[in-house]
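Okay, structure first, notes after.
We number each residue from 1, following the sequence as shown.
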Amino acid sequence: MAEIEREFSAGGVVVRNMRGRAYLAAVRVKDGKVLALPKGHIDPGESAIEAAAREVREETGVEGALIEKIDDIRYWYVRGGIRVPKVVSFFLFRYRSGSVADHDHEVDSAEWIPLAAAPKLLSYRGEKEVAAAAQSRWGTGR
């Protein structure tokens, strides 16, 4: 039986209203070819919410105020011949401060994309679904 290593990560959907429209902070990775949500490993002693806020801050350069948990994405991948079941918990944040120009070296760039278009623009299926859920929860008047 193959060895299994479980992996847990957290990510965030930071939304802000600009010019009457809602936008979310996304990152470009893999030489700019992949548009994704900011996410990463949960450090020892860190909660999923803390990890999501930290990853958002590091990868997008922006700070958010927690609104609520959106959902968990579950998938498998293979690393070094070992199947790895991964769970990524995503949280919805309201933009507080910062600039997407201040992203860290882990991503190629960070940018604001229209929330309504995010389910089409994001590269990963699970993240498209998270963006659609964020859009329905953001609603109007936030």
Side-chain angles (χ1 to χ4, degrees), residues 1-18 21-142:
M1 176 132 156
E3 184 181 336
I4 293 179
E5 291 179 20
R6 296 183 188 283
E7 207 172 277
F8 298 94
S9 291
V13 178
V14 179
V15 181
R16 74 185 293 188
N17 288 321
M18 295 187 287
R21 292 175 70 193
Y23 288 80
L24 70 75
V27 296
R28 289 208 176 264
V29 294
K30 300 188 179 175
D31 294 325
K33 295 182 187 98
V34 171
L35 188 65
L37 296 173
K39 62 190 170 296
H41 291 283
I42 300 170
D43 289 339
E46 192 176 46
S47 72
I49 293 168
E50 291 165 339
R54 177 181 50 75
E55 290 292 341
V56 162
R57 187 173 58 254
E58 291 173 359
E59 294 187 357
T60 68
V62 303
E63 298 261 355
L66 178 68
I67 296 174
E68 64 187 356
K69 183 172 181 178
I70 299 172
D71 204 358
D72 291 333
I73 295 176
R74 291 175 166 79
Y75 58 93
W76 290 79
Y77 72 95
V78 177
R79 181 179 61 221
I82 298 170
R83 288 188 70 196
V84 180
K86 184 162 185 171
V87 178
V88 185
S89 298
F90 279 97
F91 299 86
L92 180 61
F93 294 89
R94 178 183 298 107
Y95 170 81
R96 261 203 325 235
S97 63
S99 167
V100 291
D102 295 332
H103 66 85
D104 72 6
H105 67 280
E106 291 182 19
V107 300
D108 298 316
S109 64
E111 62 195 76
W112 292 104
I113 63 172
L115 180 58
K120 291 184 187 72
L121 296 174
L122 290 168
S123 298
Y124 299 122
R125 183 178 52 99
E127 293 185 11
K128 291 172 182 282
E129 294 167 4
V130 165
Q135 184 180 4
S136 68
R137 291 174 189 211
W138 185 255
T140 55
R142 286 237 187 219

Quick check: closest heavy atoms across Ala52 and Gly12, and the distance to 0.1 Å?
CB-N, 4.4 Å

Under 3.5 Å: donor-acceptor pair, side chain of Glu127, backbone of Leu37
yes

Just by modelled atom types, is the Val100 backbone N or O under 3.5 Å from a matching donor or acceptor in the Thr60 side chain?
no

Measure the spacing between CD1 of Ile49 and CG of Leu66 and express it to the nearest 0.5 Å.
5.0 Å

Please check this pair: side chain of Lys86 against backbone of Glu7, looking for a donor-acceptor N/O pair closer than 3.5 Å.
no

Roughly how far, to the nearest 0.5 Å, is the CD1 atom of Ile70 from the CD atom of Gln135?
11.5 Å

Roughly how far apart are Lys128 NZ and Leu122 CG, rounded to 0.5 Å?
6.5 Å

Here the gap from Phe93 atom CZ to Arg57 atom CZ, rounded to the nearest 0.5 Å, amounts to 9.5 Å

Does Arg6 CZ have over 12 foreign heavy atoms under 6.0 Å away?
no

Keeping the roles fixed (side chain from Arg137, backbone from Lys69), state whether a donor-acceptor pair exists under 3.5 Å.
yes

Phe91 CZ to Glu50 CD distance, which is reported to the nearest 0.5 Å
10.5 Å

Inter-residue atom distance Asp108.CG - Glu59.CD, 0.5 Å rounding:
11.0 Å

Asp71 side chain reached by Phe90 side chain, heavy atoms, under 4.5 Å:
no

Using a strict threshold of under 4.0 Å (side-chain N to carboxylate O), is an ion pair present between Arg54 and Glu58?
yes

